Amino acid sequence: MDMKKRVSLELRHRSPTEVQELVLDNCRSGEGKIEGITEEFSNLELLSLINVGLTSVADIPKLDKLKKLELSDNRISGGLEVLAERLVNLTHLNLSGNKFKDISTLEPLKKLPQLKSLDLFNCEVTNLADYRESIFKLLPQLTYLDGYDIDDCEASDSDGEGDGVEDEDEEGLEGESEDFDEEEEEDEEDIVAEEDDDDDSNEDEVKVNGDVDSEDDDEEDDEDDDEDSSPAKGEKRKRDPEDEDDDDEDDD
């Protein structure tokens, strides 16, 4: 698919001024030039033109808000002056897999004061002696070259990606999350305390009931003993032999 048609599809019935990110990877550019992108994309912040057959960036329009430009896997070998003139707020530039051979071809990037990340993977220039030292010296505004800073510390995924608004939102969400967690912990403590109180009250009830039941059992046992010791109702008491002897003596 050619680049102009791809741009039309990516618009999806929006006006160019509404688009902030435009990804045109793997489409075909006519004669190795940028097509279909104009200054009407005035709010564009990310433009991706990976593997589209570019040999020149001369036709890139003036895009004052563009921060990230992906140009990897093309056939660009120079002509970067136009980037410094038209993309004054560029912070990330990926030129990996292009035809840059000499450090001098990268000198125009000195005029991009906001540039903090530059990628040149798989470019011949990376094979030069003292390549990294030379680039950091040429472009002192750089923080990362090929994903690492001047001390060989790797860049994190989020480095330089946000504009500060997202970070503030995330901090706010984290604060809300912490408050919510604290409230949950307090609720759980209240529930546990209530359960402990219920358990104590249940134990007291069981103890009281147990004492009452024990007293009732004792009373029942006493009544049973009394019943066993007294003669049965309606029965005549048997006379003992001694009583009979006493009666005989009296008769005599």
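Since the model is a prediction, treat every value here as computed from it, not as a measurement.
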Atom pair CG/CD of L47 and E21 - distance to nearest 0.5 Å: 10.5 Å
Inter-residue atom distance D146.CG - S117.OG, 0.5 Å rounding: 8.5 Å
Main-chain N/O of T105 paired to D102 side chain as donor or acceptor, under 3.5 Å: no
Smallest separation among heavy atoms of L22 and E10, with atom names: CD1-CB, 3.6 Å
Candidate list L71, I60, D59, test side-chain contact (heavy atoms from CB on, under 4.5 Å), partner L54, passing option: L71
Cluster overlap L44 with L46, hydrophobic side-chain contacts below 4.5 Å: no
Joint hydrophobic cluster, L106 plus V88, side-chain heavy atoms closer than 4.5 Å: no
Heavy-atom closest pair, residues I103 and I135: CD1-CD1, 3.5 Å
Interatomic distance, K4 atom NZ to E35 atom CD [nearest 0.5 angstrom]: 5.5 Å
Distance, nearest 0.5 Å, that separates OG of S104 from CG of L138: 9.5 Å
Derivation of the side chain to side chain donor-acceptor pair (under 3.5 Å) call for N94 and E70: CA-CA 5 Å; N94 191 341; E70 294 279 350; 3.0 Å; yes
Where I37 and P61 come nearest, the two heavy atoms and their spacing: O-CG, 3.6 Å
K62, NZ: over 12 other non-hydrogen atoms inside 6.0 angstrom: yes
Side-chain heavy atoms of Q141 within contact of P113, under 4.5 Å: no
Y131 reachable from Y144 in the ILVMFWY side-chain graph, under 4.5 Å edges: no
Approximate separation, where rounding is to 0.5 Å, of L109 CG and K111 NZ: 11.0 Å
Min side-chain heavy-atom separation T126-F121 under 4.5 Å: no
Donor-acceptor contact below 3.5 Å, side chain D149 vs main chain D151: yes
Derivation and outcome, side-chain contact (heavy atoms from CB on, under 4.5 Å), residues M3 and L49: CA-CA 10 Å; M3 191 177 292; L49 296 167; 4.1 Å; yes
Pairwise side-chain contact, L139 with K110, heavy-atom cut-off 4.5 Å (strictly under): yes
Pair N51, N26: side-chain N/O donor-acceptor within cut-off below 3.5 Å: yes
E31 atom CD: more than 12 heavy-atom contacts under 6.0 Å: no
Minimum heavy-atom distance S134-A129, with the two atoms named: OG-O, 4.4 Å
Donor-acceptor contact present, side-chain N98 to main-chain I76, <3.5 Å: yes
Note, V52 side chain near R6 side chain (heavy atom, < 4.5 Å): no
Heavy-atom side-chain proximity of V23 to I50 below 4.5 angstrom: no
Rounded distance [0.5 Å steps], OG1 in T143 versus CG in L115: 9.0 Å
Test log, rule side-chain contact (heavy atoms from CB on, under 4.5 Å), inputs L80 and L95: CA-CA 11 Å; L80 299 181; L95 296 172; 4.0 Å; yes
Student check: side-chain heavy atoms of L11 and F41 closer than 4.5 Å: yes
Heavy-atom closest contact (A84 atom, P108 atom, distance): CB-O, 3.5 Å
D25/S48 under side chain to side chain donor-acceptor pair (under 3.5 Å): CA gap, chis, key distance, verdict: CA-CA 6 Å; D25 301 346; S48 186; 2.6 Å; yes
side-chain contact (heavy atoms from CB on, under 4.5 Å) between M1 and L9, intermediate numbers included: CA-CA 11 Å; M1 181 184 297; L9 289 175; 3.5 Å; yes
Beyond-backbone contact of V57 with N74, side-chain heavy atoms, under 4.5 angstrom: no
Contacts of type side chain to side chain contact (heavy atoms under 4.5 Å, CB included), residue Y148, not counting sequence neighbours: R132, E154
Listed partners of T17 passing side chain to side chain contact (heavy atoms under 4.5 Å, CB included), at least two apart: S15, S42, N43
D73 (side chain) donor-acceptor with G97 (main chain) under 3.5 angstrom: no
Beyond-backbone contact of H92 with K116, side-chain heavy atoms, under 4.5 angstrom: yes
E107, CD atom: more than 12 neighbouring heavy atoms under 6.0 Å: yes
